Structure formats: C-alpha cells, structure tokens
Amino acid sequence: MTSAAATSDSAAERSLGRTFLVLWLAISAVATPLVAVFVGRLIPPGNGSEQATSQVFDNQVLMAVSTPIFVFVVLFIVFAAFAFSNRTGEVVEGAPLRGNMRIQVLWMVVTTATVLFMAVFGTIELVGDGAGGGQGPTAAFVPSGSKDALDVQVIGQQWEFTYRYPSAGGVETPRLELPANTLVRFHVTSLDAVHSFWAYELGVKADANPGTDNVVYVRTKGPLTIHVRCAELCGLWHGYMFDTGAVVPKAAFATWLQRQRTMYGPVMRYLPKYAPSYVPDPQLRAG
C-alpha cells in the first residue's frame, strides 16, 4: 500500500469515527432523558412506600446509565453494516488492524468510571433505607425514627404467610394490614422451608428462613392495596402462596387490630409467646 493510499484510508477512518461519535452523542442526548423519565418510572414497584419510591428512582438512574450503552451497541452494529459493507461482491480480506491505543484508553476510562459510579451510588442508596431487603437479625442500615417503628412479624409456612403484632399482645392474623405514614419493622421468619416475603407495592422482599429473624424496614405512605407473594420456590403449592393486604388510615388500623384481638383471642393460648423465631415444626408450634 502506498503512502498516499494509507493516508487516504486513515483520513476516511477518522471521518467515519467522527460521524459515529456525533450520531451516538446526538441519539443518546435525546433518548437518555426520555427513557429515564418515561420508562424508568414505569418499572415496578411503584410508589407505595418510601422504599418503593427510592427503588423507582434507582431504576431511572440505571436506565439513564444503560441507555447510552444500548445506543452505542445497536448503533455500532447498524453503522458497521452500512459503512463497512462490501458492495462489490468480491471476496476480499479486511485490512490488518492492530488496534487503536486512544480508543482502548478511552474505553477503559469510560467503563471504569461507570462501574465506580454505580458502586458508589448503590452503596449510598443501600445505606439510606436498606433498599427494601432483609438485613438479618441486626440490621446494618437503620432509617431515622426506628425506635418508634411498628413491629410486625411475618411467618412463612407451607403454604401461606401469617402476621403477628407484638404491640397487640402477639395476636396472629392471616391478613397483613398496616397504618399509613408509619415506619414498619418487619421480622421475617419461617416455620419450615425457605420462603421469601415479597410485598410488591411496598418494595419489600426478604427471605424467610427457619430459625432466623430477618429484619427489613419500610415507611408506608397513603392507603393502598398490597399484593404479597412468596418469591422462593418452597414446595408443591408455592404458586398458590399469595394473598392481599392493605395500608389503611391509622384510626382504621387501630379498629382493625382490636377486632383481630377479639376474633383470634380464644386461640392465642395455643400459640407460643411472641419471639424472633419459633421451632420450625407446625405441630410443635400448635402445642
């Protein structure tokens, strides 16, 4: 290859590179805010609690970071198909390339910065509210006002969840109800297999392990319906292990809780006293 031809090819490559860069930046500048604002906020779990709202914000940030990457990959494939296609029909070998140091360095800088940003961002979000996940018996990240949190125990068993309220004498109910605008401290445990307590609208998902008190915090907002699922394969009827609950005004919650004490009071003497966990055997637990 002559020096003039090599210079011409190098100039053509730089022109194609600039064209690709301009297209990528222009498409990313338009697509990123649109995807983050209009798509990111549609990803579950919604805004049923402060933790859920925080997760929606996290989704928007993740969409904002991933959109330019997605645009880069798709645009590169499309751009290469048109810019470097062989239109002559001849079978020829491509030019031997040994890489471009500037592109390699830029790639390392951009990817490293992205990973470090996501690590710092994820850590800050986790420390802020625990991200709606269980943190074991001694929660490492505790939100403000935790001393006044309402304790609710979630007991997984094949194949249902039941709920105990220690502030109401340890009464156990088959339905989850919570007061609005209240910090709740869930104590998630199991009597048999490993389950996973997933309160969709609250943005809460915590494993229910036998003999373990798995603590997770959530701060409720206004009244809403809660859909509860088991998110861990736990046996034959795992798919049917779901129920609904509700966040209700504080006055309605107090009335409901008193009604539960009246309804289930006669059977409470057959239950063990409220404890972080119980003997993982339904027959022993029933006395």
Side-chain angles (χ1 to χ4, degrees), residues 45-52 132 134 143 145-192 195-206 208 213-231 237 240-287:
N47 295 286
S49 71
E50 289 188 5
Q51 282 69 23
S146 59
K147 292 183 179 179
D148 300 321
L150 171 68
D151 287 302
V152 178
Q153 186 172 58
V154 180
I155 304 172
Q157 50 200 297
Q158 294 176 316
W159 283 274
E160 66 173 334
F161 286 109
T162 57
Y163 311 93
R164 295 194 77 171
Y165 295 82
S167 61
V171 63
E172 184 170 347
T173 72
R175 176 179 169 83
L176 175 63
E177 287 212 11
L178 302 171
N181 303 307
T182 302
L183 180 63
V184 179
R185 180 170 43 235
F186 286 116
H187 299 267
V188 184
T189 190
S190 170
L191 290 179
D192 37 51
H195 303 276
S196 184
F197 172 63
W198 181 24
Y200 177 93
E201 288 79 7
L202 297 179
V204 170
K205 185 176 180 293
D213 179 23
N214 197 8
V215 176
V216 58
Y217 287 90
V218 64
R219 191 180 298 274
T220 60
K221 292 185 175 180
L224 82 159
T225 299
I226 305 169
H227 292 86
V228 177
R229 299 286 187 272
C230 178
W237 301 112
Y240 290 90
M241 192 170 170
F242 64 88
D243 55 54
T244 60
V247 176
V248 298
K250 293 183 178 181
F253 172 75
T255 300
W256 174 84
L257 194 57
Q258 183 58 45
R259 189 164 62 246
Q260 302 307 299
R261 296 189 67 175
T262 302
M263 182 183 304
Y264 295 106
V267 300
M268 287 180 61
R269 62 192 180 96
Y270 297 107
L271 300 178
K273 293 183 178 180
Y274 176 83
S277 61
Y278 308 94
V279 177
D281 186 326
Q283 297 303 318
L284 293 177
R285 178 169 173 271

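Just so we're clear, the structure is a prediction, and the values are computed from it rather than from any experiment.
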With no hydrogens and no angle check, is any side-chain donor or acceptor of R219 less than 3.5 Å from a backbone partner on Q51? no

Measure from the side-chain N and O atoms of R164 to the backbone N and O of G170, and report whether any donor-acceptor pair falls under 3.5 Å. yes

Flag, side chain of R261 to backbone of A168, donor-acceptor distance under 3.5 Å: yes

Parallel, tilted or perpendicular: which describes the rings of F253 and Y165, with under 30° parallel and over 60° perpendicular? tilted

Under 3.5 Å: donor-acceptor pair, side chain of N214, backbone of A206: no

Working note: V228 + V154, criterion side chain to side chain contact (heavy atoms under 4.5 Å, CB included); need CA distance, chi angles, decisive distance, verdict. CA-CA 11 Å; V228 177; V154 180; over 6 Å; no

Considering non-hydrogen atoms only, spot the tightest contact between F161 and G156 and give its length. CD2-CA, 3.7 Å

Give the intermediate values and the outcome of side chain to side chain contact (heavy atoms under 4.5 Å, CB included) for residues F197 and Y163. CA-CA 11 Å; F197 172 63; Y163 311 93; 4.1 Å; yes

Below 4.5 Å, heavy atoms only, C-beta onward: do S167 and L150 meet side chain to side chain? yes

Looking at every non-hydrogen atom in both residues, tell me the closest pair between T220 and N181 and how far apart they are. OG1-N, 3.0 Å

Return yes if some donor-acceptor pair links the side-chain N/O of T182 with the main-chain N/O of A180 below 3.5 Å, else return no. yes

Are any side-chain N or O atoms of S277 and backbone N or O atoms of D213, one a donor and one an acceptor, separated by less than 3.5 Å? no

Which pair of non-hydrogen atoms, one from L191 and one from Q157, has the smallest distance, and what is that distance? CD1-OE1, 3.7 Å

Is it the case that Y278 and Q153 place a side-chain donor and acceptor less than 3.5 Å from each other? yes

Can you name the nearest heavy-atom pair linking E172 to I155, along with the distance? OE2-CD1, 4.0 Å

Tell me, do V215 and H187 make a side-chain contact under 4.5 Å, heavy atoms counted? yes

Over all heavy atoms of both residues, which pair between A208 and S190 is shortest? Give the atoms and the distance, please. O-CB, 3.3 Å

Just by distance, do the side chain of E201 and the backbone of H227 share a donor-acceptor pair under 3.5 Å? yes

Set out, in order, the CA-CA distance, both residues' side-chain angles and the distance that settles side chain to side chain contact (heavy atoms under 4.5 Å, CB included) for I226 and V247, then state yes or no. CA-CA 7 Å; I226 305 169; V247 176; 3.7 Å; yes

Can a donor-acceptor pair be found, under 3.5 Å and without considering hydrogens, that links the side chain of T173 to the backbone of R175? yes

Quick one: closest heavy-atom pair of L224 and G48, and the distance? CD1-CA, 3.8 Å

Could you walk me through whether L271 and Y264 pass the side chain to side chain contact (heavy atoms under 4.5 Å, CB included) test, one step at a time? CA-CA 11 Å; L271 300 178; Y264 295 106; over 6 Å; no

